[in-house]
There are 2 protein chains.
Amino acid sequence: MQSLPSAPGPDTLPLYQRLAQALRSEIAAGIHPVGSGLPTEIELCARHGVSRHTVRAALRLLVDQGLIERRQGAGSRVIADTPPVAYVHTIRSLSELFSYTRDTTLEIADAETVTLGEAEAAAIHWPPGTRWLRITGVRWTADRSEMVCHVTVFVHARFAELLTDVSRQDGPIHALVEARSGERVEEAVQEVSAAAMPPAAARALGTRTGAPALRILRRYLDASGAPMMVAVNWHPGDRFAYTIRLRRDDEPA
Amino acid sequence: MQSLPSAPGPDTLPLYQRLAQALRSEIAAGIHPVGSGLPTEIELCARHGVSRHTVRAALRLLVDQGLIERRQGAGSRVIADTPPVAYVHTIRSLSELFSYTRDTTLEIADAETVTLGEAEAAAIHWPPGTRWLRITGVRWTADRSEMVCHVTVFVHARFAELLTDVSRQDGPIHALVEARSGERVEEAVQEVSAAAMPPAAARALGTRTGAPALRILRRYLDASGAPMMVAVNWHPGDRFAYTIRLRRDDEPA
DNA sequence: TCTCATTTGTCCGTATGTATA
DNA sequence: ATATACATACGGACAAATGAG
């Protein structure tokens, strides 16, 4: 039986945390390579002379840190040799994907069901021929002093009947779809690129066609990875920037 | 003593999960308003007729979901009445901030210590007059078949002496700074905007000056929020997009 | 397909330490 | 200083999932 390291003073870490440290060290040292199994709970009890309760508390820490995964009946398996999460960007709602989407309102100019043509389909990375409810409009700042971007939203046709009154609603469209359909957006993929402002957006925004513009494509996916909704935003390049802040997210260990 | 709801079949949730559900319902219903204290562990044991172990497992779920916080000696406090829907963008290293920064190499054209002028200072959001090591170059794909972007990196002058051999190094500069100085990047702020390609970058990349380009400004901050390093990348707008994927981060409950 | 040993999951009881009010 | 409340740690028992035979 090994003894867990412990400082002499009264400020030692709890037993289960020292055990977790020891296991992290063993994993980092390659004693338990990624993909291999960790010793069983009972074996760890015997090896370190602690109760199963303590072993389970330690293993829970490793699970929380993404180092191991556990399956009832099968054991614990090492899935990473270093705490995988280094930096995270967390948002509380998809509206914050582009932070200023709060405190803005969408003025809808048009909403109709369309069949995707070649060009439009390619632009949103989806095969042509499918039917979508296409909503176009302009997003304004809350005080309506400034236009934020030109918006085109494609909502999957199966939600179209839920959105017949969309032009009189406010709030994010994806939230409306979620609330009325009961389906949840499980994942969102955002693509930011620079391109020349297209004529339609330039007309709506009163800018020059061809000027540098920020194009933001957001795809809202359900649990199976199929798109529920796709939004294309065109922002005047000289007025808007997309900012994210990532914080280091690991334990001092 | 209340009895936790349980379906008749054999497919009931574990006791501690049902208890967590019950507590979530009570919080959502305003029985335990945000800011108020939850009953103590012992009281919850008595009230629901379960062991303290079970109560603690349930409360741990609520902590993980961000609904309550607990302090030894003080009790449990409600900090939110609805599971804060979080979407997270997780990266394992700052190099993945722009995903293709992996598998690319930076060809350094120039490195010299400079005092920031007005224009440059404004561009990186920092007062003029400060001294920085300015490194310029072009980032190539791994097979050197294509130029990815034009790069200007400003490293705080206190790190300059650690980077005298920077042109012969590869790997991310921020990693070099971290390794040699011992200071850690605690936070990174990235700003993406569209602008006309400036002449210097256009020359280096062989593109047209004034064409739509993606400008990415990354500021690497230390624990006190002071910038350790600032990087400005110019990408040809027609060739590159910045993609992030956010996953829903909550439990099925 | 079925059995069976293994392994983790759940749940109980008890005791003591430590931070808080 | 005392009582309270959460944290840590020991013990035992059975259930459920897994995987091998």
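Computed from a predicted model, the values in this text were never measured in an experiment. So that the names make sense, note that chain A is the first sequence line, chain B the second, and so on, each numbered from 1. Computed over heavy atoms, backbone and side chain alike; hydrogens, waters and symmetry mates excluded.
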>> In whole Å, I'd like the distance from the CZ atom of A/Arg18 to the P atom of D/dT8.
In response: 12 Å
>> Rounding to an integer number of Å, can you tell me how far B/Ile68 CD1 sits from D/dA5 P?
In response: 15 Å
> Are the side chain of A/Thr54 and the backbone of A/Val50 linked by a donor-acceptor contact shorter than 3.5 Å?
Replying inline: no
> According to a strict under-4.0 Å criterion, is B/Tyr16 in side-chain N/O contact with OP1 or OP2 of C/dT10?
Replying inline: yes
> Sequence neighbours excluded, which residues qualify as side chain to side chain donor-acceptor pair (under 3.5 Å) partners of A/Thr164?
Replying inline: none
> What is the distance, rounded to the nearest whole Å, between atom NE2 of B/His53 and atom P of D/dA13?
Replying inline: 16 Å
> side-chain contact (heavy atoms from CB on, under 4.5 Å) between A/Ile42 and A/Arg52: does it pass, once the steps are laid out?
Replying inline: CA-CA 7 Å; A/Ile42 305 297; A/Arg52 186 164 167 233; 4.1 Å; yes
Considering only nitrogen or oxygen atoms on both sides, find all protein atoms under 3.5 Å from nucleotides 5-8 of chain C and state each distance.
residue : atom : partner : partner atom : Å
C/dT7   : O2   : A/Gly73 : N            : 3.2
C/dT8   : OP2  : A/Glu41 : N            : 3.0
C/dT8   : O4'  : A/Gly73 : N            : 3.4

> Would you call B/Asp64 and A/Arg60 a salt bridge, using N to O less than 4.0 angstrom?
Replying inline: no
> Yes or no on salt bridge (charged side-chain N to carboxylate O under 4.0 Å, His left out) for B/Glu41 and B/Arg70, after CA distance, side-chain angles and deciding distance?
Replying inline: CA-CA 11 Å; B/Glu41 294 181 359; B/Arg70 320 188 63 200; 2.4 Å; yes
> Can you tell me how far P of C/dT20 sits from CD of B/Glu69, to the nearest Å?
Replying inline: 13 Å
> Would you say the side-chain atoms of A/Tyr242 and B/Gln190 include a donor-acceptor pair closer than 3.5 Å?
Replying inline: no
> Nearest-Å distance, CZ (B/Arg60) to C1' (D/dA7)?
Replying inline: 11 Å
>> With a cut-off of less than 4.0 Å, is there a side-chain N or O of A/Thr54 near OP1 or OP2 of D/dC10?
In response: yes
>> What contact category does A/Gln17 fall into here, base, sugar-phosphate, or nothing, at under 4.0 angstrom with non-hydrogen atoms?
In response: sugar-phosphate
